[in-house]
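Scroll down for the structure; my scribbles are underneath it.
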There are 2 protein chains.
Amino acid sequence: MPIKQNIRLTVDAVVFGYIPREGIVVLLIKRTIPPFLHSWALPGGFVLDEETLEAAVTRELLTEAGVNINYLEQLYTFGLPGRDPRGRVVSIAYFGLVNPTNFKLAASSDAEDASWFNIKDLPDLAFDHAAIIDIAVQRLRNKIRYEPIGFELLDKKFPIADLEKLYETLLDRSIDRRNFQKKINHLGILIAHNEKQKQVSQGRPAKLFSFDEARYFQLKKDGIAFEI
Amino acid sequence: MPIKQNIRLTVDAVVFGYIPREGIVVLLIKRTIPPFLHSWALPGGFVLDEETLEAAVTRELLTEAGVNINYLEQLYTFGLPGRDPRGRVVSIAYFGLVNPTNFKLAASSDAEDASWFNIKDLPDLAFDHAAIIDIAVQRLRNKIRYEPIGFELLDKKFPIADLEKLYETLLDRSIDRRNFQKKINHLGILIAHNEKQKQVSQGRPAKLFSFDEARYFQLKKDGIAFEI
DNA sequence: TCAAAAGTGTTTAGCTTACACCCATGC
DNA sequence: GCATGGGTGTAAGCTAAACACTTTTGA
């Protein structure tokens with residue numbers, strides 16, 4: 001049997017949202033307990049003895065920020081000695097996607113504040129959370145090369161331009177509108193609706209689309225080679 | 001401060017090798033301690049309080065199988081309650097690649113045997129190690145879609161046919177020899193040598209190649225869209 | 001001289017890219 | 001009626017895929 005270990009286990013969640021006019025945002029909470037008291041940090045905390053890792057993440061997201069996530073995947077485990085001043089703490093980071101407009105953030109007893117931050121404009125962060133977000137951003141940017149993306153991030157019904165802007169934001173370059181539409185149509189994941197976007201700006205109102213969920217998740221599972 | 005946790009932490013290594021005439025093999029050890037006494041299992045063990053996760057994997061690989069790995073990456077963390085009969089044990093699995101011909105496996109005090117097994121013909125395994133290997137095989141098969149592969153698995157100098165057979169094994173289908181060579185040449189990662197393969201079988205002896213390491217690792221870093 | 005594997009090039013099809021004009025709406 | 005963004009199609013270039021014959025060696 002092993003010598004007694006003195007290592008503790010936490011989970012952290014990097015939850016991304018997309019706001020068409022603003023860009024990619026990440027959910028942060030303000031800590032109410034030391035260390036890093038009053039610092040911004042990723043939602044997360046210690047794993048309970050009998051709960052699954054996913055349950056721990058879900059629980060922390062709910063209690064610290066009032067957020068319920070459908071899409072969560074494991075990101076990476078961070079375990080360098082010294083990453084936590086309290087001693088050896090290994091953290092399993094998760095990666096989530098949500099539509100920020102679906103939630104009213106609710107800071108609870110566990111956090112004095114919860115807020116979305118643009119990933120281009122992050123505050124100083126507790127622990128190694130800046131590094132964790134870096135890895136998560138890489139994962140997000142890579143994802144679009146072999147998976148359809150957008151379902152979890154956009155409104156149920158959206159104009160194609162929003163999806164295109166999401167890709168442009170993640171790829172950090174402009175995309176030809178016409179070619180983009182051809183490719184997306186070719187994937188067959190969009191359903192057109194007989195509805196037009198309510199005017200928010202000038203110009204012709206856009207048709208609204210939604211994802212064909214069956215096909216979307218099939219492609220997500222199979223993987224695609226999607227080069228825009 | 002958190003309630004006292006009763007969770008322990010291990011690492012496990014899924015180390016793959018490639019044997020051109022046999023296929024993809026994985027390194028397993030035979031356990032000398034309960035639970036699963038005398039079962040085949042992945043090399044691995046408890047993380048020491050002050051060591052990094054990578055150091056723990058490297059140490060276990062060396063002491064249990066006498067193997068030294070250059071290429072190791074984190075695979076996934078397995079944490080379901082009940083996966084270990086001794087109590088709550090969370091295991092961080094690593095993924096490694098080696099050329100099996102570089103090592104003489106040495107079972108040490110920690111393992112009564114160490115051996116390569118074809119991934120198509122695995123014995124019963126301890127814990128959830130069969131599931132861990134499944135995930136690792138998926139990772140390996142996915143890797144070839146966006147990274148060059150082969151450097152860690154093949155001999156320093158090799159005939160192109162060996163590299164092609166590696167791709168055929170991983171993709172589980174045949175590849176057109178001529179188109180494959182064109183693509184590999186186009187990547188510019190191979191250096192031709194003025195040496196021929198020593199005859200092992202009938203037929204014209206093949207030219208030997210090696211990897212241009214600088215270019216290989218550059219492409220590995222940048223990612224490629226490599227569809228064969 | 002035959003069997004086995006290696007070496008090499010061309011044609012075709014499909015996909016990707018570049019590109020421009022018309023339409024619907026608000027001001 | 002003009003400014004703004006939306007909707008749509010075609011031609012050219014490039015990459016991928018299919019495909020066959022010749023060369024070198026061992027037996």
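Just so it is clear, the model here is predicted, and its values are computed rather than measured. Throughout, a chain's letter reflects where its sequence line sits, starting with A, and its residues are numbered from 1.
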In whole angstrom, what separates [X]'s [atom1] from [N]'s [atom2]?
X	N	atom1	atom2	answer
D162(A)	dG5(D)	CG	P	13 Å
Q181(B)	dT15(D)	CD	P	19 Å
Q197(A)	dT4(D)	CD	C1'	13 Å
I175(B)	dA16(D)	CD1	C1'	14 Å
N179(B)	dG9(C)	CG	P	14 Å
D176(B)	dT15(D)	CG	P	18 Å
I184(A)	dG7(D)	CD1	P	14 Å
F158(A)	dG5(D)	CZ	P	20 Å

Any donor-acceptor pair under 3.5 Å linking the side-chain atoms of D222(B) with those of Q218(B)?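 Per modelled atom types, Q218(B) and D222(B) side chains form a pair under 3.5 Å.
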
NA contact type, K182(B), heavy-atom cut-off 4.0 Å: base, sugar-phosphate, or nothing?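 Base: the residue K182(B), judged by heavy atoms under 4.0 Å, touches a nucleobase.
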
Take N70(B) and E152(B) through the test side chain to side chain contact (heavy atoms under 4.5 Å, CB included) and record every step on the way to the result. CA-CA 8 Å; N70(B) 282 321; E152(B) 296 86 357; 5.7 Å; no

Run the ring pair (Phe, Tyr, Trp, His ring centres under 6.0 Å) test against F36(B) and tell me which residues pass, sequence neighbours left out.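 With neighbours one apart ignored, the set is F127(B).
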
Which heavy atom in G44(A) sits nearest to a heavy atom in D12(A), and how many Å separate them?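 Smallest interatomic distance, heavy atoms only, reads CA-OD1, 3.7 Å.
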
Would you say K183(A) places a side-chain N or O within less than 4.0 Å of OP1 or OP2 belonging to dC15(C)?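 Answer no for this pair, as no side-chain N or O of K183(A) is under 4.0 Å from OP1 or OP2.
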
Distance (rounded to the nearest 0.5 Å) between I29(A) CD1 and L105(A) CG: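 Going from the CD1 atom of I29(A) to the CG atom of L105(A) covers 11.5 Å.
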
Is the NZ or CZ atom of K143(A) positioned over F16(A)'s six-membered ring, under 6.0 angstrom from the centre and within 45° of the axis?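 Here K143(A) fails the 6.0 Å and 45° test against F16(A).
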
Collect all protein-nucleotide pairs involving nucleotides 21-27 of chain D in which both atoms are nitrogen or oxygen and the distance is under 3.5 Å.
residue: dT23(D); atom: O2; partner: R204(B); partner atom: NH1; Å: 3.0
residue: dT24(D); atom: O2; partner: R204(B); partner atom: N; Å: 3.3
residue: dG26(D); atom: N2; partner: Q202(B); partner atom: NE2; Å: 3.3

